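Before any comments, here is the structure.
All values reported here derive from a predicted model rather than from experimental measurement.
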Amino acid sequence: MAINSDVLVIGGGLAGLTSALKAAREGADVRLVSYKQSSLRHASGLVDLLGYTPDGEGPVTDPYAAMGDLHDAHPYQTVGVETVREAMDLFDDVTDYRGDHTDTNALVPTHGGTVKPTARYPTGAAAGLASDDRDVLLVGLESMVDFDAPHAAAHLEAAGVPFDVRGETIRFPGDLQADAKITRYAKLLDTNGEVAVRGRKKGARDALAERVNTVREKEERVGFPAILGDDHTDAVRAALEEKIGADVFEVPMGPPSLPGLRLEDRLFEALDEAGASFETGNPVVDFDADGDRIETVYIEKNGARIPNSADQYVLATGGLVGKGIESDRESVHEPIFDCHIEHGEDRYEWFDGDAFGDHPFASFGVETDETLRPLTASDSVEFENLRAAGSVLGGYDFAAEKSGSGVSIATGYVAGENAAAEAR
């Protein structure tokens, strides 16, 4: 017997979670299934709308204003600028992120020493904005080789930030191994667990602050790699601020990312609060259709094929990186429903056949109509109860534009809203 729901969302990344959350808040019985862990845990935790134009100009000051100049096939043009705003309102409602007070992008320093334009950022990054002219001390840890604080400081200085910035490297109290997971640092700080310092036991927060104070001069802001707790990050940051005597912020890091994990946790909590169900770890391997309607999809679990049936379906499995789009020597294809894949030479003649400059694969993705219904590869038939959202879509270069999160949120919102409306 099939597991039934009004809306079945396939994919547990930002697009899938947004789609499921919107559909559930619209009153639909929603089920989300995902094969792999969410891509959010590999992301920086920053939420970009549009940082650069498709031809590389920028950084963009006002992403909403710049969306009007994008080509007609761009997902933002498909859903409309006002809908992007509505989608971001939903995001703001379920997170504690900053940036919603203005339409303009914030400039956030990264662990590599670049300045990234972004529309939303975690509260823990707020004191680190590059628009703030207070001096900064970046603190690196000997056991965390991914963040070279002096190197990052030098790059920020070369980028012309309006403040003096230095980088210092210290040893984390307790002398964790170089291969320690970031969650070990976070756990110690969450609990203020005891660590050994010169043969004496101290709380990890106190010991860390003491070591920072040995290298801090007069800087009013101190930036750490993003390890300042998981469950109690605000408390960790407040304790360090009190003991150091400066504002404390986290520098967004590469994978694995604690800010990304925190965001994933909050979105799944919101999904649970909205009454949706979800299952991760098992792939969708096949489906049955009756004419232009999908009837059932099959999830492989412990060698068995489990049928899942819904009135409406949302495809949010990711792009080439997430394997929602697959490629080989012969073709690029969407592996579940065989949706039609578009690329630059299909639709973007105004770019002289090279839609996305130095990113030739960026244009590959599922082609949809204006309601996000995909076309299938055979005869361009649409499944009337299927929609696509997020990086599985074609028509934009999320890496060059810094638009991946915004497109996922906006198209996920629309796909979820439309699926819920059709399921009534």
Side-chain angles (χ1 to χ4, degrees), residues 2-43 45 47 86-97 100 120 122-124 183 186-187 190 229-235 256-284 297 299 301 306-318 322 324 387 389-390 405 408-424:
I3 301 172
N4 295 305
S5 57
D6 294 335
V7 177
L8 182 69
V9 177
I10 306 170
L14 190 53
L17 287 166
T18 304
S19 180
L21 181 59
K22 178 58 177 175
R25 286 194 167 192
E26 292 293 316
D29 175 23
V30 178
R31 179 170 169 78
L32 180 146
V33 295
S34 177
Y35 177 26
K36 298 180 179 179
Q37 293 177 325
S38 169
S39 57
L40 285 170
R41 62 188 55 219
H42 301 295
V47 172
E86 292 176 12
M88 293 309 299
D89 286 343
L90 174 65
F91 177 85
D92 294 333
D93 186 51
V94 299
T95 68
D96 63 350
Y97 271 45
D100 59 324
R120 300 289 190 275
T123 299
T183 50
K187 184 68 172 177
D190 262 341
D230 189 7
D231 297 324
H232 307 293
T233 181
D234 290 343
S257 164
L258 268 179
L261 287 166
R262 295 172 194 147
L263 177 57
E264 178 189 53
D265 288 345
R266 182 63 198 109
L267 290 172
F268 270 109
E269 288 169 6
L271 194 57
D272 189 44
E273 291 163 3
S277 63
F278 42 86
E279 175 184 336
T280 61
N282 301 296
V284 172
V297 301
I299 296 174
K301 186 174 183 179
I306 310 300
N308 282 248
S309 181
D311 188 72
Q312 301 290 318
Y313 297 84
V314 176
L315 179 69
T317 46
R387 288 171 177 81
S405 298
S408 289
I409 293 169
T411 57
Y413 178 93
V414 170
E417 182 177 53
N418 290 345
E422 292 289 333
R424 292 172 185 163

- Task: Quick one: do I409 and R120 satisfy side chain to side chain contact (heavy atoms under 4.5 Å, CB included)? Show the steps, please.
- Result: CA-CA 12 Å; I409 293 169; R120 300 289 190 275; over 6 Å; no

Tell me which donor-acceptor pairs under 3.5 Å the side chains of residues 3-18 have, and how far apart each pair is, sequence neighbours excluded?
{"unit_1": "S5", "atom_1": "OG", "unit_2": "V7", "atom_2": "O", "d": "3.4"}
{"unit_1": "D6", "atom_1": "OD2", "unit_2": "D29", "atom_2": "N", "d": "2.9"}
{"unit_1": "T18", "atom_1": "OG1", "unit_2": "L14", "atom_2": "O", "d": "2.7"}

Closest contact, heavy atoms only, [X] versus [Y]:
X	Y	answer
L21	A274	CD1-CB, 4.0 Å
V30	A24	CG2-N, 3.5 Å
L258	A186	CD1-CB, 3.5 Å
D311	E422	OD2-O, 3.5 Å
Q312	A419	CG-O, 3.3 Å

- With sequence neighbours left out, the residues meeting ring-ring contact (aromatic ring centres under 6.0 Å, His included) with F91 are Y97

- Considering residues at least two apart in sequence or located in another chain, which fulfil the ring-ring contact (aromatic ring centres under 6.0 Å, His included) criterion with F278? F268

How many angstroms lie between [atom1] in [X] and [atom2] in [Y], if you round to the nearest 0.5 Å?
X	Y	atom1	atom2	result
T95	L90	OG1	CG	9.5 Å
L32	L271	CG	CG	6.5 Å
E417	R387	CD	CZ	10.0 Å
L40	L267	CG	CG	6.5 Å

Quick one: list whatever passes side-chain contact (heavy atoms from CB on, under 4.5 Å) with [X], sequence neighbours left out.
X	answer
P307	A2, T296, Y298
H232	D190, A235
A420	A23, E26, A28

- With sequence neighbours excluded, residues passing salt bridge (Lys or Arg N to Asp or Glu O under 4.0 Å) with E273: R266

- D230 meets the salt bridge (Lys or Arg N to Asp or Glu O under 4.0 Å) criterion, sequence neighbours left out, with none

Test side-chain hydrogen bond (donor to acceptor under 3.5 Å, both in side chains) applied to [X] - qualifying residues, sequence neighbours left out:
X	value
N418	none
E264	R41
D234	R237
R31	E279, N308

- Task: Determine yes or no for a side-chain-to-main-chain donor-acceptor pair under 3.5 angstrom, with T123 supplying the side chain and D96 the backbone.
- Result: yes

